[in-house]
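Please read all numbers here as calculations on a predicted model, not as lab measurements.
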Amino acid sequence: MIELELDGKKVEIIEGSMIMHAADKAGTYIPHFCYHKKLSIAANCRMCLVDVEKAPKPMPACATPVTQGMIVRTKSEKAIKAQQSVMEFLLINHPLDCPICDQGGECQLQDLAVGYGASASRYDEEKRTVPVKDVGPLISMNEMTRCIHCTRCVRFGQEVAGVMELGMIHRGEHSEITTVVSDTIDSELSGNMIDICPVGALTSKPFRYSARTWELSRRKSVSPHDSTGANLIVQVKANKVMRVLPLENEAVNECWIADRDRFSYEALNGDDRLTQPMIKQGGEWRAVDWQTALEYVANGLKQIKGDHGAASIGVLASPHSTVEELYLAGALMRGIGSENIDYRLRNAEFPAFEGVRHLGTPIASLSSLQRVLVVGSSLRKDHPLFAQRIRQSVRKGGVVNVINAASEDWAMSMGACVFTPAESWPYALAEVAAAVAAEKGVQGPASGEAGEAAKVIAKSLLGGERKAILLGNAAAHHASAASLLSLANWIAAQTGATVGYLTEAANTVGAQFVRALPGQGGLNAAQMLAGGLKAVLLLNTEPEFDSAAGVQAQAGLNKAQMVVTMSPFKANMEFSDVLLPIAPFTETPGSFINAEGLVQGFHAAVKPLGETRPAWKVLRVLANLLELPGFDYESSQSVLAKAGLDGVTQLPEGSLSNATQAAVALTTAGTPPPVVASIYQLDSLVRRAPSLQLTADGRQTAHAALGAPEGPRAIGEHVEMTA
């Protein structure tokens, strides 16, 4: 440890740290622009100049290493004059447009100019201008004249997103930040550049000129998309969600969020919102009140139960629904006498429940893994925040190996890669097991001869200390998912690695915990979608887009006498008989359980739109109309308590398990390819966010959908006409 004196206080800090780190530890603020705790040190803004005793001139705090006995003064006359001079220099070309700047009120330059800027400038030369740039539908670069060349955006692309999409060209006053790879910024994490820009050079296109920061109320929330459980700040004006920003949580999402977390809010205010109950009569939809709609559903369920038995009724639920909603959906079905409930709409295999499948390691630990084997995942697009953590581990010397169907750009250095059709994944993993068995001189779990790539993967996993085998969305949906898990567990036991599922949705773990799964004799999702039911309740899901059946789901659901859709949107209208408007995550309290088993609750950020109601209330009232006992919940918290999660922040280890008794089966000929949603088709919210659909990833999905005769397709073929 090094001891130094900072503004008269003694500070101890590890050797190799910078003065800025010592100041952070001591709670002393040093003004800065280019420094960011998550990025490399650039030292190009010079705003953090401080007075170091015996140094001939002021030194940049972000780039000056501490030494034993160093004496630093951050508020001496020498330091303040240096900082004021830098501020004067930075403002030479900065436009005087604070009144119309979207960054006004939360601008770092604006804040520091108050303390370190002069009331007038000595420079009267004409200010330079920078051409307007169009870099896509998410980020506005219309006012790059404001840029102070801190290069935070450039370093973010290189170091966090893994793609250097922005760079600085030219020299001197002609320097400018611009795109260097293509004309657009296409990273799935690109919105974070807006947050880290200390001026108003990079702003949000969807939010642009819609509100001032001081007009916005702030509400904490949790992302309803992938299994990271990213913490959010939802900003609201006049009961309308205007913007979504990251809430820093080092153990979950650090200070970043994915673009789908940031921009999917557009769907909340779209024309496709369902705002009142509707019933189809004579082929025509008409709006009704809640009492009429719920009595219609309750009477229909009673009649179908009487005619065909309780086993003819079932629920297909989205794993993006809250814990409370999934628990009540299961309780409703079991109260009726049916075991037909399933959240696994995209799965091809439905093994018996053996434990709650989870990540198998804390999310934060992904940043320090030394060896990783990823099976069946488009990691960068399926789990953007997990990918950036694993990218950090690679930057520290970690090795990532992959078994997947096709080569994809994960924006990181890769180890051994096995690209083979999905039906061959069990064979590929068996080869790795055979290579591990040969290295250790033990009997493998399956016969097979290891190829060169398998041997490299085996040696990689046998080295290092912190190791993980991660099964992606495609592996979880695979027709031989149980065999893949069994092989992964055997390899992990021999190599000392952990095994985990990246898990697809915000509440995949929660859905398992509350048993949103068929019980004894119950039908699974595939059987229900094939037409095995007379009455179907669809909770927050669109089977045409969310299931392995794809467009064929409509034919199966048309066989039912009654289909009830509970959704925030006008969805499933072709085959539904009743539409019940339920609240999205911003309009209801609830909880999600992320991939590692962290239970995160949130409150409603805005009031429900129109006649929309929280789904847990709808399910409770429906159960009351069916005269089922035990449905007297007064709040979502009471539902959570009934589910056994009151006051629980982390699922106990005993309830989480990736162990399996399944035997390894390598007969996979003719196995259908696993169904995985693309990044901006994952759920009903991202599918309806216009800006996300206009991105490169969104347009690519729309192009693919136009040529797909069956299987899940994309909402928004209209994007092709408007892009």
**Study point:** Within 45° cone of Tyr501 ring axis and under 6.0 Å: Arg357 NZ or CZ
**Key:** no

Review point. Any donor and acceptor pair, going by atom type alone, linking the side chain of Asp261 with main-chain N or O of Ser223 inside 3.5 Å?
Key: no

Review point. Does the salt bridge (charged side-chain N to carboxylate O under 4.0 Å, His left out) test come out yes or no for Arg391 and Glu159, once each step is laid out?
Key: CA-CA 8 Å; Arg391 194 173 294 120; Glu159 300 162 15; over 6 Å; no

Exercise for review: Assess the pair Trp410 and His383: is the distance between their ring centroids shorter than 6.0 Å?
Suggested key: no

Check your understanding: Backbone N or O of Asn473 within a donor-acceptor pair of the Asp382 side chain at under 3.5 Å?
Key -> no

Review point. Rounded to the nearest 0.5 Å, how far does CD1 of Ile14 lie from NE2 of His21?
Key: 9.0 Å

Check your understanding: Would a distance-only check, ignoring hydrogens and angles, find a side-chain to backbone donor-acceptor pair under 3.5 Å from Arg218 to Ile233?
Key -> no

Practice item. With the side chain counted from C-beta on, respond yes when Asp7 and Thr28 share a heavy-atom pair under 4.5 Å apart, and no when they do not. Key: yes

Check your understanding: So with a 6.0 Å cut-off around NZ of Lys459, is the heavy-atom count from everything else above 12?
Key -> no

**Study point:** Criterion salt bridge (charged side-chain N to carboxylate O under 4.0 Å, His left out) on Lys37 and Glu248, from CA distance to verdict
**Key:** CA-CA 12 Å; Lys37 64 183 180 180; Glu248 185 170 351; 2.4 Å; yes

Check your understanding: Is the closest basic N to carboxylate O distance between Glu53 and Arg73 below 4.0 Å?
Key -> yes

Exercise for review: Report the relative orientation of the aromatic rings in Phe585 and Phe602; use parallel for angles under 30°, tilted for 30 to 60°, perpendicular for over 60°.
Suggested key: perpendicular

Point to revise | Flag, side chain of Glu165 to backbone of Asp186, donor-acceptor distance under 3.5 Å | key: yes

**Study point:** Over 12 non-hydrogen atoms of neighbours within 6.0 angstrom of NZ in Lys57
**Key:** no

Practice item. Give a yes or no answer on whether the side chain of Asn192 reaches the backbone of Trp256 with a donor-acceptor pair at less than 3.5 Å. Key: no

Check your understanding: Under the 3.5 angstrom rule, does the side chain of Thr228 hit a backbone N or O of Ala230 as a donor-acceptor pair?
Key -> no

Exercise for review: Indicate yes or no for a side-chain donor-acceptor contact from Asn401 to the backbone of Gly415 under 3.5 Å, with no hydrogens or angles considered.
Suggested key: no

Exercise for review: Determine whether more than 12 heavy atoms belonging to other residues, nucleotides or ligands lie under 6.0 Å from atom NZ of Lys25.
Suggested key: yes

Practice item. Decide, yes or no, whether a salt bridge links Lys75 with Asp51 under the criterion of side-chain N to carboxylate O below 4.0 Å. Key: no

Check your understanding: Is there a donor-acceptor contact under 3.5 Å from the side chain of Ser367 to the main chain of Ile390?
Key -> no

Practice item. Kindly compute the distance separating CZ (Arg208) from CD1 (Ile139), expressed to the nearest 0.5 Å. Key: 12.5 Å

Practice item. Find the distance between CG (Leu692) and CD1 (Ile679) and round it off to the nearest 0.5 Å. Key: 8.5 Å

Review point. Side chain of Ser365, backbone of Thr361: donor and acceptor closer than 3.5 Å?
Key: no

Practice item. Anything under 30° is parallel, anything over 60° is perpendicular, the rest tilted; go ahead and classify His32 against Tyr35. Key: perpendicular

Point to revise | Non-hydrogen side-chain atoms of Lys205 and Ser691 separated by less than 4.5 Å | key: no

Exercise for review: Answer yes or no: is there a donor N or O on one side and an acceptor on the other, between the side chain of Arg466 and the main chain of Ser368, under 3.5 Å?
Suggested key: yes

Point to revise | Interatomic distance, Leu216 atom CG to Leu245 atom CG [nearest 0.5 angstrom] | key: 9.0 Å

**Study point:** Carboxylate-amine/guanidinium proximity below 4.0 Å for Arg243 and Glu106
**Key:** yes

Exercise for review: Flag the pair Lys38 and Glu250 as a salt bridge only when some basic side-chain nitrogen lies within less than 4.0 angstrom of an acidic carboxylate oxygen.
Suggested key: yes

Check your understanding: Should we say atom CD of Glu653 is surrounded by more than 12 heavy atoms from elsewhere, each under 6.0 Å from it?
Key -> no

Check your understanding: Taking NZ, NE, NH1 and NH2 as the nitrogens, is one of them in Glu215 or Arg212 under 4.0 Å from a carboxylate oxygen of the other?
Key -> no

